[in-house]
Structures are given as C-alpha cells and as structure tokens.
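Please read the structure below before turning to the comments.
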Amino acid sequence: MTVIAIVGGQWGDEGKGKITDLLAEKAKVVARFSGGDNAGHTVINPYGEFQLHLVPSGIFYPNVTCIISNGVAINPAVILTEIDDLHNHGVDTGRLLISDRAHLIMPYHILLDGLEEERRNKGALGTTRRGIGPVFADKVARLGIRTGDLLDKDIFWSRLSAALELKNAILKKVYRVSPLSLEEIYDQYCHYGEQLAPFIRETGSIIREAAIKGAFVLLEGAQGALLDPDFGTYPYVTSSSPLAGASCIGTGLGPREIDRVMGIFKAYSTRVGAGPMPTELKDEIGDLIRKKAHEYGATTGRPRRCGWFDVVAARFSVQINGLSDIALTHLDIYDSFPSIKICTAYKFNDEVLTSFPSDIAILEKCQPIYEELDGWQESISGIRNFEKLPVGARNYMSRLEDLLTCPINIVSVGPKRRQIILVKPSTLP
Ligand code: IMP
C-alpha cells in the first residue's frame, strides 16, 4: 500500500486533522511526527466534537494503531486529559502508543516560554506559550527529558535534578522569579509516568514494519511550512519542523519509504501570532472570512489573521515539501463572494518577486499583486462530486493547480467528516 505524509501548506490550521481523519479509515498506522500541544484541531464525527492537540486523528477507527512519535513534544497533563476525554466518549484508546524517545514538556518550559515572550516585549513572537520553543531548545542542547525516562524513577530524578539546577539559576538570576521545586515536579511527573507507562514504548519499529509490509501508513504533521525554523518566516516560526522531511526524522522512517506527500491548504490564508503575512486583509473582507470560517485558534482562542490565497508562499511550500497532492479546505467559505483574489507575485520596491524571500525585512515590505477571479455565489457544502461544483469553484481550483503545479485531489466543503469531494477517488488509497 502506501505511506502518505500529511503536512500543513501555509501557516498552520489548514485542516490536517480533518483530512487525516478521512484517510485514516483505511490506514493501519497513523503517526504524529512533530510539534506539540501548540497544535490543535477540531474533529467532528459520530462520537462527538473533539479538540485534539496530541492524539492522532486516526484514534476514532478501531483498526488503526495511533502513534505519537519521537518528533512530538509531550505535555503529559494534556495527553492524559485527551485520553480521558476520548475514553469518556466511548473511544478506545488501547491502540494509542507514545514513543519513549519523545521529549517531555516540563513546567519550566512553559514558564520560560511566557517569560521569554515578555522579555521580547514589542518583538514578541506570539507563541502559544505551551513551552514549545524551550522544550525543543533543550532537546538540541542535550538537556531534555524523554518519556522513556519516566519509566525509571532514578534516571528521571538524576535528569530532572541536572536540568532544574540550570533552569532555576536562569529563573532566579535572569528573570528574577522564584525557582521551582525539584520534589514537587518529581512527584507530579512520577504520577504522570505511572499513568502513561502502558502507552510508552519504542515506536519507530512498528511504523517501519508496517511500511515494509506494505500497509497504509499516515504520517500526520503539525503547524505549516511557513512556520518551519529553516524555511519559514524566521524568527516568527515554531521550533520543530512541520515539513515532510521531518516525517522521517520524527518517526524513524527512511526517506525512501514515503510514497506521497499531501499538502493541506485553505482556500484562503490565515496566520496566528506575529510575523509577516503579505495578503493579510485588515478590512471587512478579512473580518467576513474570520466570521464565516470561525477563524479562532483551537489552542489559544486567538482570532486568526485572514487574507487571500498567497501563491508565492504556497508554491514555496509545494517545493520545500516535495508535494505530490494538495487537499484544499474551506472552499465553501467563498460561497457568497462575488469575486476572489489570488496573490500571484509580490511587488518589492520596483521589483516583481515570484519567489518567497528568505529575509522577513523584505517580506514585510512586499505588496501583493492580485489576479481576480469570478466567484460562484451558491452553496457548495452539500456537493460531493467534483463535476457538480459550480464553474467558478472549478475555475478557482484549476487556476491554483496551474500556479502551484500540483494536483488538488481532495476538496473540503464544510466542517463535517463527509463534507468532502474526492476529485480523483481512484488515486487515493
Ligand atoms: P510556538 O509554536 O508556540 O512556539 O509559537 C510560534 C508561532 O507558531 C506562533 O506564531 C504561533 O501562533 C504559531 N503556531 C504554533 N502552533 C500553531 C498551530 O498549530 N497553528 C497555527 N499557528 C501555530
């Protein structure tokens, strides 16, 4: 069968959860490979409505093994709450596994995330304050604590004491706040460890074995390409890679195992937090998109910045992810629009740019150059067949495909699981 990586094509919140939920029906394994509980998506299905931050969307299917892989940072309180919530709604969590290599978000990561944001003052990144920057910084600084460490209390004590000594010195001397108690964190995390122990194990071999046996494996990303620490709008980025390349490192699969990379794009653009967004609409059109699509962060509740589809940014995302397919979500949000704009290039001083600049000082000065297409002005949320879409909607998709040089194989026309159009069903597993 196939290994498909699912990644966010823009600045996150594109609807990866819904597409994973859809494809997971036939999957053997669904593995999350990056991010942490900064991610969040709503899944609506017959069990109810769920806000998932860490558990892969495949959890709702009884045959799917769901894995939170080594590339994900785990806040144990959050994962335990999600497991409880799923359990209370009758969802079996017995097939959920957590990598013993996944790093743990500790109380000092969350505290330092907030303190660092306050120190940045006007230059704040607008992080989710979930401890993401500090936990991934500790991972590469070789100061992190992993889920597997919770399984041996002596090892956990020695790793925690070493890390906390440094963190408390920073809290006291740099930020002048009270230090944290080693004993309290130790007791709390030992308790988490006891509850999480049945889920924690080595997971890379399970994913590799499934892939080698030819099973259908889905690798679920978090955030979006333009928040990548290398290729995104640095420093206004997150701290783990949302790109398809990270689906290997974040799970333990080799690059040759990935058959397809599906990029999820909204029919328009959104961004939460600070940083450049050339097509942002600070007018009634932006407000209308926000209102119709309920564009508020699933994790923080912050209003999302909304704007027209940005082809310059999206084409870059197609390239750096090596996309084979696109799923276009929220197309129905444009139902009432008489016309729709697409940004096809940027104007920077006297130059016309068609590639995405690496320097945000340039990006901040870029003015979008738009192409305008006719809308369709009818409801498409009940349509399930590509041919039945109004001409305006098909033209919009076809223009995006041409500009992005990548086929759109799935279109989402509403929040519910079945509000979906498979453009070429035979090409999907
Ligand atoms: P952090 O990941 O919490 O450190 O936040 C860094 C930036 O990434 C901020 O602008 C956040 O708003 C943004 N961000 C993090 N996670 C998500 C997400 O799941 N969706 C959209 N933006 C996100």
Side-chain angles (χ1 to χ4, degrees), residues 6-20 32-43 51-57 71-75 78 82 103 105 108-120 122-140 220-243 246 250 263-266 268-277 280 290 293-307 310 313 317 329-330 360 363-364:
I6 295 184
V7 293
Q10 295 152 310
W11 280 280
D13 310 315
E14 300 90 352
K16 293 173 289 294
K18 177 171 174 178
I19 303 299
T20 308
R32 245 294 286 279
F33 66 79
S34 70
D37 63 304
N38 50 347
H41 48 244
T42 310
V43 177
Q51 300 287 333
L52 297 181
H53 297 280
L54 289 165
V55 175
S57 311
V72 181
I74 295 178
N75 180 329
V78 172
E82 272 178 44
H103 280 248
I105 297 184
Y108 44 82
H109 293 135
I110 298 169
L111 186 58
L112 285 164
D113 197 358
L115 291 167
E116 285 168 14
E117 277 289 84
E118 275 146 39
R119 179 184 55 80
R120 288 184 197 110
K122 286 193 182 124
L125 307 176
T127 75
T128 57
R129 299 191 179 220
R130 299 297 170 113
I132 301 300
V135 71
F136 284 111
D138 275 3
K139 177 175 177 174
V140 290
E220 182 182 8
Q223 288 84 44
L226 303 166
L227 290 173
D228 180 69
D230 281 272
F231 293 100
T233 50
Y234 192 85
Y236 296 96
V237 294
T238 189
S239 297
S240 68
S241 175
L243 300 179
I264 320 300
F265 290 82
K266 272 181 190 162
Y268 47 90
S269 308
T270 63
R271 175 165 200 165
V272 222
M277 178 182 173
E280 180 172 12
R290 186 176 308 106
H294 196 72
E295 291 292 356
Y296 295 88
T299 299
T300 59
R302 290 179 291 177
R304 296 184 185 133
R305 300 155 65 193
C306 300
D310 182 341
S317 169
T329 63
H330 295 74
I360 59 156
L363 192 60
E364 269 158 357

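Read the numbers this way: they start at 1 and go in the same order the structure lists the ligands and their atoms.
Taking only nitrogen or oxygen atoms, main chain and side chain alike, N38 reaches within less than 3.5 Å of ligand 1. Checked by distance only, ligand 1 and S239 stay at 3.5 Å or farther apart across all their nitrogen or oxygen atoms. The shortest N/O to N/O separation between Q223 and ligand 1 falls below 3.5 Å. Backbone and side-chain nitrogen or oxygen atoms of T238 are examined, and one is located within less than 3.5 angstrom of a nitrogen or oxygen of ligand 1.
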Applying side chain to side chain contact (heavy atoms under 4.5 Å, CB included) to R305 and W11, what does each step give before you reach the verdict? CA-CA 10 Å; R305 300 155 65 193; W11 280 280; over 6 Å; no

Dump the intermediate steps for side chain to side chain contact (heavy atoms under 4.5 Å, CB included) on I110 and N75, then the final yes or no. CA-CA 10 Å; I110 298 169; N75 180 329; 3.7 Å; yes

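Between I105 and V78, the closest side-chain pair of non-hydrogen atoms is not below 4.5 Å. With a 4.5 Å cut-off on side-chain heavy atoms, L52 and E82 count as touching.
Residues L226 and V237 approach most closely at O-CG1, 4.2 Å, considering heavy atoms. The two residues P276 and Y236 make their nearest non-hydrogen contact at CD-CD1, 4.1 Å.
Looking only at distances, no side-chain donor or acceptor of K266 sits under 3.5 Å from a matching main-chain atom of G9.
Checked by atom type, the side-chain pair D310/S269 shows no donor-acceptor distance below 3.5 Å. Under the 3.5 Å distance criterion, with hydrogens and angles disregarded, a donor-acceptor pair is assigned to the side chains of D138 and H109.
For ligand 1, the atoms lying closer than 4.0 Å to a non-hydrogen atom of L227 are 8 (O), 13 (C), 14 (N), 22 (N), 23 (C). Remark: ligand 1 atoms within the under-4.0 Å shell around heavy atoms of V272 are 10 (O), 11 (C), 12 (O), 21 (C), 22 (N). Listed by number with element, the atoms of ligand 1 under 4.0 Å from a non-hydrogen atom of R302 are 11 (C), 12 (O). Set against the non-hydrogen atoms of G126, the atoms of ligand 1 under 4.0 Å away are 9 (C), 10 (O), 11 (C), 12 (O). The contact set between ligand 1 and G273, taken as ligand atoms under 4.0 Å from a residue heavy atom, comprises 10 (O), 12 (O). Near D13, meaning under 4.0 Å from one of its heavy atoms, ligand 1 places the atoms 18 (C), 19 (O), 20 (N), 21 (C).
Ligand 1 has W11 within reach: a non-hydrogen atom of the residue lies less than 4.0 Å from it. Taking 4.0 Å as the cut-off, V237 counts as a neighbour of ligand 1 on heavy-atom distance.
Closest protein heavy atom to atom 5 (O) of ligand 1: T127 CA, 3.3 Å. The protein heavy atom nearest to atom 3 (O) of ligand 1 is T128 OG1, 2.5 Å.
In this structure, E117 pairs ionically with R120, as a charged nitrogen and a carboxylate oxygen lie closer than 4.0 Å.
If you look at L125 next to ligand 1, the close heavy atoms, those under 4.0 Å, all belong to the backbone.
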